[in-house]
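Here's the structure we're looking at; comments come further down.
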Amino acid sequence: MSNTDMGMRGKIIFYEEKNFQGRSYECMNDCSDMSSYLSRCHSCRVDSGCFMVYDRTNYMGNQYFMRRGEYSDYMSMFGMRDCIRSCRMIPMYRGNYRMRIYERENFGGQMHEMMDDCDNIMDRYRMSDCQSCHVMDGHWLMYEQPHYKGRMMYMRPGEYKSFREMGWSGMRFMSMRRITDYRLYYNSVRDALNFQGRSYECMSDCADMSTYLSRCHSCRVESGCFMVYDRPNYMGNQYFMRRGEYSDYMNMMGMSGGIRSCRMIPMHRGQFRMRIYERENFGGQMHEMMDDCDNIMDRYRMSDCQSCNVMDGHWLMYEQPQYRGRMMYMRPGEYRSFREMGWSGMRFMSMRRITDMC
């Protein structure tokens, strides 16, 4: 028996429609093209094991890590625009973990060998970029931002001489995490995951969750839409949640801390209207929007958005085109400086209305 537990087989079930409706396809292995079985896929259930899913065939495109749990509308959970097109089963592994990361392509520049998680290669190694790696042992996730946030890439044992040639040109991977035996993880914290332990029911805004719970690792949205934050007083990273079950949202969304505060998003049935500005204090070029925009550069030739005025409706703003990356919830009001709101250095490149779809 090798270090990989061959007796543990993963199982994931894909469904055509949201909330596990429509035709289904049960998968217990890699699948390079989902269209052979389903014309589309909008929800899935992971019964056992861990899987990496991709929004293009042949394990290409954006990647998303899924462990045991129910994903009633994963496209909204993860901010995906496209359906799952292919998937890989991640074998369970109990041996040592070892990976070498390199500053340059073809294993050039400074090199560091890792045997455990690293939440920030700049802080640990003073290494500003990672362009190639060699995975000797175990299975890993690499993230574009520190603290295991942003887009991710699954790395199984092998040599990766150039991330650019793999289609990740311009990406910087700043944190790395081992994919460990999650069956043990679930047992060790079962009081927190899968809707266990103490609970708190919320029907409005809550500025500090610690008043009610010392920690929060799972949640169920029975109706409406909410914005949750990983710091009190609606600060820190934000995550949009609509109706559904989030049995372990911290790993679904790449969160490093629990929910600390939340806002209820009112349903809005009128028109939507927002003005975005190139500079702070409503300076520079301005554009008025009444519908979604998946890329402000393509639509307006606008490379930056530093302030906005939301006149009607509730909106989500994303740091990357196609509604990807970190997001910020904008309710009606004037926002003169994103920098002063704690979003220094962020560029919001796409905007989406929060419509009555929850």
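Just so it is clear, the model here is predicted, and its values are computed rather than measured. Only heavy atoms go into these numbers, but all of them, side chains included; no hydrogens, no water, no symmetry mates.
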Check your understanding: Would the number of heavy atoms belonging to other residues, nucleotides or ligands and lying under 6.0 Å from CD of Glu113 be above 12?
Key -> yes

Point to revise | Nearest heavy-atom neighbours spanning Tyr277 and Met302 | key: C-CE, 3.2 Å

Review point. Can you list the residues that meet the ring pair (Phe, Tyr, Trp, His ring centres under 6.0 Å) rule with Tyr59, with sequence neighbours excluded?
Key: Tyr54

Practice item. Return the minimal non-hydrogen interatomic distance between Ser307 and Phe282, and the atom names on each side. Key: OG-N, 3.1 Å

Exercise for review: Working to the nearest 0.5 Å, report the span between CZ of Arg172 and CD of Gln145.
Suggested key: 13.0 Å

Point to revise | Flag for Gln306-Asp304: side-chain donor and acceptor within less than 3.5 Å | key: yes

Revision key, fill the gap. Of Leu38, Asp55, Val53, the one forming a side chain to side chain contact (heavy atoms under 4.5 Å, CB included) with Ile84 is Val53

Review point. Where do Asp116 and Arg124 come nearest, in terms of heavy atoms and distance?
Key: OD1-NH1, 3.2 Å

Practice item. State whether the side chain of Ser86 and the backbone N or O of Arg56 hold a donor-acceptor pair below 3.5 Å, judged by distance alone. Key: yes

Exercise for review: Measure the spacing between CD of Gln322 and OG of Ser350 and express it to the nearest 0.5 Å.
Suggested key: 7.0 Å

Check your understanding: Is NZ or CZ of Arg263 both nearer than 6.0 Å to the six-membered ring centre of Tyr329 and within 45° of the ring axis?
Key -> no

Practice item. Would you check if Tyr25 and Ser36 make a side-chain contact, meaning some heavy-atom pair closer than 4.5 Å? Key: no

Check your understanding: So, for Met274 and Cys308, which heavy atoms are closest and what is the spacing to 0.1 Å?
Key -> SD-SG, 4.2 Å

Revision key, fill the gap. Nearest heavy-atom approach of Trp140 to Arg98 is CZ2-N, 3.7 Å

Check your understanding: Do the rings of Phe20 and Tyr15 sit parallel, tilted or perpendicular, given the 30° and 60° boundaries?
Key -> perpendicular

Review point. So, the side chain of Asp33 versus the backbone of Ser35: is there a donor-acceptor pair under 3.5 Å, distance only?
Key: yes

Point to revise | Heavy-atom pair with the smallest gap, counting every atom of Ser261 and Ala207 | key: CB-O, 3.4 Å

Practice item. Indicate yes or no for a side-chain donor-acceptor contact from Asp30 to the backbone of Met89 under 3.5 Å, with no hydrogens or angles considered. Key: yes

Check your understanding: Between His287 and Tyr300, how do the two ring planes meet: parallel, tilted or perpendicular, split at 30° and 60°?
Key -> parallel

